[in-house]
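One structure below.
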Amino acid sequence: MHDWNDQHALQIIADCAKNGQVLTSALRQLVDNFGYIDDASIAPLAKAFLRSKAEVYGTIQYYSDFRDSAPAEHVLRICQAESCQAVGSKKITKLVTTKTGIALGQTSSDGQISLEPVYCLGLCANGPAAEFDGNPVAELDEAKIDKILSGIRS
Amino acid sequence: MSANAVTRIFVPGDMLAIALGAGELVKELQKQAEIRNTSIEIIRNGSRGMCWAETLLEVQTNAGRVAYGNVKATDVNSLFEAGFLNGGDHEKALGQTEEIPWLAEQQRVIFNRCGIIDPLSLGEFQDSGGFIGLRKALQISPAQIVEQVTRSGLRGRGGAGFPTGIKWQTVLDTAGAIKHIVCNADEGDSGTFSDRLIMEGDPFRLIEGMIIAGLAVRAEQGVIYLRSEYPFAVKMMRAAIEMAEAENWLGKNIQGSGKTFNMEVFVGAGSYVCGEETALLESLEGKPGIVRSKPPLPAIAGLFGQPTVINNVITLCAVPDILAKGGDWHASLGIGRSTGTLPFQLAGNVAKGGLVELPFGVSLQKVVDDFAGGTKDGSKIRAVQVGGPLGAYLPPELFDTLTGYEEFAAIGAGIGHGGIVIYGSSINMREQAKYAFEFCAEESCGKCTPCRIGSIRGYELLGAEQIDKSLIDDLCEVMIEGSACAMGAMTPIPVQSLMRYWPEDFAEDIKAKS
Ligand SMILES: Cc1cc2nc3c(=O)[nH]c(=O)nc-3n(C[C@H](O)[C@H](O)[C@H](O)COP(=O)(O)O)c2cc1C
Ligand code: SF4
Ligand code: FES
Ligand code: FES
């Protein structure tokens with residue numbers, strides 16, 4: 001992941017528009033490149049895709065993948081959907097929030113980790129499921145949580 | 001087997017196997033093979049759907065493929081010691097893969113080669129029946145293709161169960177210079193993963209189904225709307241599309257037929273309601289996924305206002321065999337107006353979860369008894385939820401219901417996408433009902449007040465100290481009547497099924513837990 005770079009962002013936007021791609025394709029490429037979509041890109045996006053700035057902003061806000069601020073160093077997403085609930089995802093989530101001292105949806109004050117809910121990763125026969133920095137984790141238990149968290153702190 | 005022959009080993013590269021450490025397993029296998037001076041070839045197949053045995057390692061022996069279940073990197077040493085390269089016995093040995101009852105008792109049609117072949121081998125795909133349906137479709141007229149699909153009785157596997165042939169006929173009959181095939185791979189229902197498994201394990205099957213759909217309605221472009229939670233499937237489908245293009249199974253003048261079909265993958269952005277077909281179209285057009293009012297039907301004015309077929313992954317994956325073996329063959333499987341096979345998915349608190357493909361018509365009881373193996377925590381099964389977050393919770397007394405669209409409708413339930421989530425004794429039904437409203441509030445697109453606001457009110461009502469059941473029923477009625485799509489209109493289904501079958505968890509004097 002690269003730090004936000006206006007020049008590079010403008011290039012992505014221009015390329016998408018030129019190739020006839022839609023607004024959300026540009027948004028996808030921006031998050032894939034920089035981890036988030038900086039406010040600075042709203043005006044150029046609006047111009048390139050012939051939308052109002054409000055429409056661009058609304059589209060970014062609508063989709064949970066399209067963050068509007070830089071993510072933490074690490075992101076742990078824990079599944080909150082039914083199949084995982086059936087095997088104790090609520091308890092596991094609580095364990096994680098206790099160990100990290102932050103709630104689901106929050107980022108630690110040192111910017112090291114964000115906890116996020118996710119609704120189904122398609123690993124429903126082997127819950128509780130999670131995703132850490134883009135890598136899937138199944139059958140999440142305390143040992144796996146400790147391993148993940150110790151990797152962050154060191 | 002001679003000492004220096006290369007032994008073929010299969011280790012799934014699918015998202016679940018990776019989540020369970022298949023990556024480390026492969027590294028350890030390579031390392032130890034090298035130490036032992038043994039030649040092995042590791043094939044990253046898809047999953048057989050035996051999620052309970054993942055990572056499932058298989059070895060090709062002279063007598064067929066031999067399986068070892070729940071294999072971890074730490075097992076590799078003892079596997080070599082046990083002579084697993086010749087199918088040697090080991091505590092994790094499951095015997096000949098094809099003879100494992102859990103697999104042998106299924107009737108796999110759509111998943112016939114998933115987990116068996118190298119997903120990106122066009123050769124292995126064709127050696128196992130791939131492209132027979134497409135070759136047939138290339139020889140007949142669009143109307144004849146649609147006729148076979150209509151005769152097959154195939155109904156949409158995305159949830160609504162709409163007859164696919166009728167949908168295709170409408171698009172074929174609608175004039176339009178540009179038409180689209182949209183594959184719905186948003187698979188947001190908890191407890192479902194059949195779309196993921198087939199895309200990761202047999203991507204050419206979906207490509208074949210989409211090309212046939214294109215031929216049937218005279219559409220030359222297709223797009224797969226694939227959820228971002230499935231990065232492995234995205235990679236696999238893109239790689240498969242590239243290979244199919246290179247071998248002229250996609251693009252212009254497919255295999256010299258004069259027919260054209262192109263396709264691409266569009267990655268979603270984390271929204272459940274974008275699985276609803278018109279929200280999906282909005283999303284593909286680059287906008288927020290707000291549900292459109294119908295009419296017009298997408299078949300008449302869909303993507304960019306052009307005639308569009310939208311089908312679920314499994315619907316499209318059922319099509320190649322219908323063309324290859326005929327619509328009547330498909331119609332002969334199943335019961336009543338529920339024809340063909342359904343990949344059931346067993347999930348949640350389940351001992352042997354995974355994918356079970358059977359013809360429609362088996363009882364829910366049989367699926368649960370013969371395959372689930374009870375709960376994971378050993379407690380008694382208290383409920384199953386069938387058909388995702390908008391599906392009914394059913395008590396064991398109703399397990400004798402036969403799996404069919406009409407049979408499930410008769411008990412106020414639905415088959416949906418075939419997900420069966422199992423719950424043990426620890427589950428609190430009031431919490432589940434609260435969750436149904438919470439999920440609706442979280443994912444509502446915001447267009448209808450009953451869905452957007454009603455879901456929040458429902459959540460609050462169930463959290464209150466005193467539960468007012470008749471008020472909740474009133475609210476459900478408003479949501480059912482006043483919602484434009486199934487998100488708001490069907491959220492009452494799980495809620496009311498829970499209140500009906502487990503009233504004890506909703507006793508008015510029980511204090512809310514949180
Ligand atoms: C809230 C909501 C979510 C849906 N999610 C999906 C989905 O993830 N995948 C899917 O195939 N259909 C989903 N559907 C059903 C689609 O609207 C549509 O019926 C289906 O894609 C049609 O294809 P089929 O006829 O092959 O089933 C959803 C419907 C609603 C109301
Ligand atoms: S019922 Fe809910 S999700 Fe469906 S259109 Fe209305 S507000 Fe949107
Ligand atoms: S419900 Fe958690 S992975 Fe599907
Ligand atoms: S917020 Fe607009 S209808 Fe209530």
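So you know, we letter chains A, B, ... as the sequences are listed, proteins then strands, and number each from 1.
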In terms of heavy-atom pairs under 4.5 Å, which option from B:G270, B:G268, B:G23, B:G353 contacts chain A the most? B:G270
Contact class of B:D195 relative to chain A, heavy atoms under 4.5 angstrom: neither
I'd like to know which of A:A125, A:S64, A:S83 tops the heavy-atom pair count under 4.5 Å against chain B. A:S83
So, the part of B:L197 with a heavy atom under 4.5 Å from chain A: the answer is neither
Which region of B:E54, side chain (C-beta onward) or backbone (N, CA, C, O), has a non-hydrogen atom less than 4.5 Å from a non-hydrogen atom of chain A, or is it both or neither? neither
Check whether any side-chain heavy atom of B:F111 sits under 4.5 Å from a side-chain heavy atom of B:I314, and report yes or no. yes
Is it the backbone or the side chain of B:Y272 that comes under 4.5 Å from a heavy atom of chain A, or both, or neither? neither
Toward chain A, the part of B:V273 with a non-hydrogen atom under 4.5 Å: side chain
Donor + acceptor pair across side chains of A:Q80, A:T93 (<3.5 Å): yes
Do B:Q345 and B:H417 have side chains that get closer than 4.5 Å, going by heavy atoms? yes
Pairs of heavy atoms under 4.5 Å with chain A: top-ranked of B:P231, B:A233, B:S283: B:S283
If I measure from the heavy atoms of chain A, does B:L346 come under 4.5 Å with its side chain, its backbone, both, or neither? backbone
Partners passing side chain to side chain donor-acceptor pair (under 3.5 Å) against A:Q21 (at least two apart in sequence or in another chain): none
Can you say whether B:L355 sits under 4.5 Å from chain A via the side chain, the backbone, both, or neither, judging by heavy atoms? neither
Under 4.5 Å between any side-chain heavy atoms of A:F34 and A:N5, yes or no? yes
N-O pairing of B:R196 and B:E200 below 4.0 Å: yes
Compare all side-chain heavy atoms of B:L390 with those of B:T491 and state whether any distance is below 4.5 angstrom. yes
Heavy atoms, side chains only, cut-off 4.5 Å: are B:P389 and B:Y435 in contact? no
Looking at A:L23, A:V87, A:V22, A:D65, which one has more heavy-atom pairs under 4.5 Å with chain B than the rest? A:D65
Structural part of B:S194 lying under 4.5 Å from a heavy atom of chain A: neither
By salt bridge (charged side-chain N to carboxylate O under 4.0 Å, His left out), which residues pair with B:R48, not counting sequence neighbours? B:E58, B:E98
Do any of residues 113-121 of chain A come closer than 4.5 Å to chain B, heavy atom to heavy atom, and if so which ones, in number order? A:V118, A:Y119, A:C120, A:L121
Is it true that A:Y63 and A:T24 share a donor-acceptor pair across their side chains at a distance under 3.5 Å? no
Sorted by chain and number, sequence neighbours left out, salt bridge (charged side-chain N to carboxylate O under 4.0 Å, His left out) with B:K287 holds for B:E282, B:E285
Chain A: which of B:G289, B:G424, B:G188 shares the most heavy-atom pairs with it under 4.5 Å? B:G289
Any heavy-atom pair between the side chains of A:I13 and A:F49 that's under 4.5 Å? yes
As an exercise: rank B:F439, B:Y423, B:W52 by heavy-atom pairs under 4.5 Å with chain A and give me the winner. B:Y423
Pick from A:R51, A:K53, A:K47: which one makes a side chain to side chain contact (heavy atoms under 4.5 Å, CB included) with A:I42? A:K53
